[in-house]
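See structure below.
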Amino acid sequence: MARTGYTEAERRAKREEFLDAAVQVFENDGGIDAVSFRNVAAVAGCSYSAPYRYFSGKEELICAMRARAYRWLEKALRDAIDPNGDPRSQLETVANAYIQAGLQRPGMYALMLFQKDSEFAHRSIELKAARHDSLQACVEVIAAGQASGFLPKTTDALTAAHMFWIGAHGLVSLQVGGQFVMGRSVEQLAPILIQWLETGLENHSGGKFEESSAGKFSARKS
């Protein structure tokens, strides 16, 4: 008897299988240019037209892959968090987890942060949610540190998480780009960066950020 159709759970599972295959093609076969429905179908072991049942085209597939990359980072951060750990070690652990994730899978990291948003990506609820949740893992650690009294509340947790993100992203990007050629390594710089970020958070006096008429951003104390 012919199958009448997949359940919603089965459709989601099948879509994830195609995303697994797409990420495999991306990481192993040459990046975005190698990702085609034909190549993805070959890895998945099905007809080249089968992925069209789950993705309208390559733009939607790439967007879903990028959401998958953000979920990968979120998992790496949350897996590193020890609910019973002290706030300082939690902050250091999350920062290290971010850095190590980017260094271990530079392709996934590039997929997450170095692909320009398409019109589809701008509208994608899936991608927006994945982006939010990956940063939220860091926000929650900082907020917990503030609630415990370890970290001051002069900087809100979301702003502080962005600063940690900026610092860690810079370190990973320079390492992946082969830019550490002046006698320092990522292993030497990572703990110093984390210490500086912690010190800056602990000593920031607070303030509101605003844009001047000349288009330059400045911070002023509340």
Does the side chain of [X] reach to within under 4.5 Å of the side chain of [Y], using non-hydrogen atoms?
{"X": "L111", "Y": "E27", "answer": "no"}
{"X": "L91", "Y": "L151", "answer": "yes"}
{"X": "L158", "Y": "L135", "answer": "yes"}
{"X": "I81", "Y": "T93", "answer": "no"}
{"X": "F164", "Y": "E198", "answer": "yes"}
{"X": "Q104", "Y": "Y109", "answer": "no"}
{"X": "L127", "Y": "F120", "answer": "no"}
{"X": "Q175", "Y": "I99", "answer": "no"}

Q | Pair S89, D86: side-chain N/O donor-acceptor within cut-off below 3.5 Å | A |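 There is such a pair (donor and acceptor under 3.5 Å, judged by atom type) between the side chains of S89 and D86.
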(Q) Checking one residue: I166. Which other hydrophobic residues are in its cluster under the side-chain 4.5 Å linking rule? (A)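 Grouped by the 4.5 Å side-chain rule, M163 form the rest of the cluster around I166.
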(Q) Once rounded to the nearest 0.5 Å, what's the spacing between atom CZ of R184 and atom CG of L174? (A)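 One gets 15.0 Å once the value is rounded to the nearest 0.5 Å.
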Keeping the roles fixed (side chain from [X], backbone from [Y]), state whether a donor-acceptor pair exists under 3.5 Å.
{"X": "E140", "Y": "A137", "value": "no"}
{"X": "Y54", "Y": "K14", "value": "no"}
{"X": "S148", "Y": "G145", "value": "yes"}
{"X": "E59", "Y": "G57", "value": "no"}
{"X": "R105", "Y": "W72", "value": "no"}
{"X": "E60", "Y": "S56", "value": "yes"}
{"X": "Q146", "Y": "T155", "value": "yes"}

Q: Identify whether the distance between the nearest side-chain nitrogen and carboxylate oxygen of R131 and D117 falls below 4.0 Å.
A: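 Answer for the salt bridge query: yes.
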Q) Are E126 and R12 close enough for a salt bridge, meaning some N to O gap below 4.0 Å? A)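 A salt bridge is absent here (no side-chain N lies under 4.0 Å from a carboxylate O).
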Q | Contacts of type salt bridge (Lys or Arg N to Asp or Glu O under 4.0 Å), residue E92, not counting sequence neighbours | A |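 Here no residue qualifies.
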(Q) Going by the rule salt bridge (Lys or Arg N to Asp or Glu O under 4.0 Å), which residues pair with R11 if we only count those two or more places apart in sequence or in a different chain? (A)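 Listed in chain order: nothing, the list is empty.
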Q: Would you verify whether the NZ or CZ of K58 falls within 45 degrees of the ring axis of F55 while also being under 6.0 Å from that six-membered ring's centre?
A: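 No cation-pi geometry.
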**Q.** Pair F37 and Y48, ring centroids less than 6.0 Å apart
**A.**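 Not under 6.0 Å, so no.
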Q: Assess the pair Y98 and H169: is the distance between their ring centroids shorter than 6.0 Å?
A: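 No, ring centres 6.0 Å or more apart.
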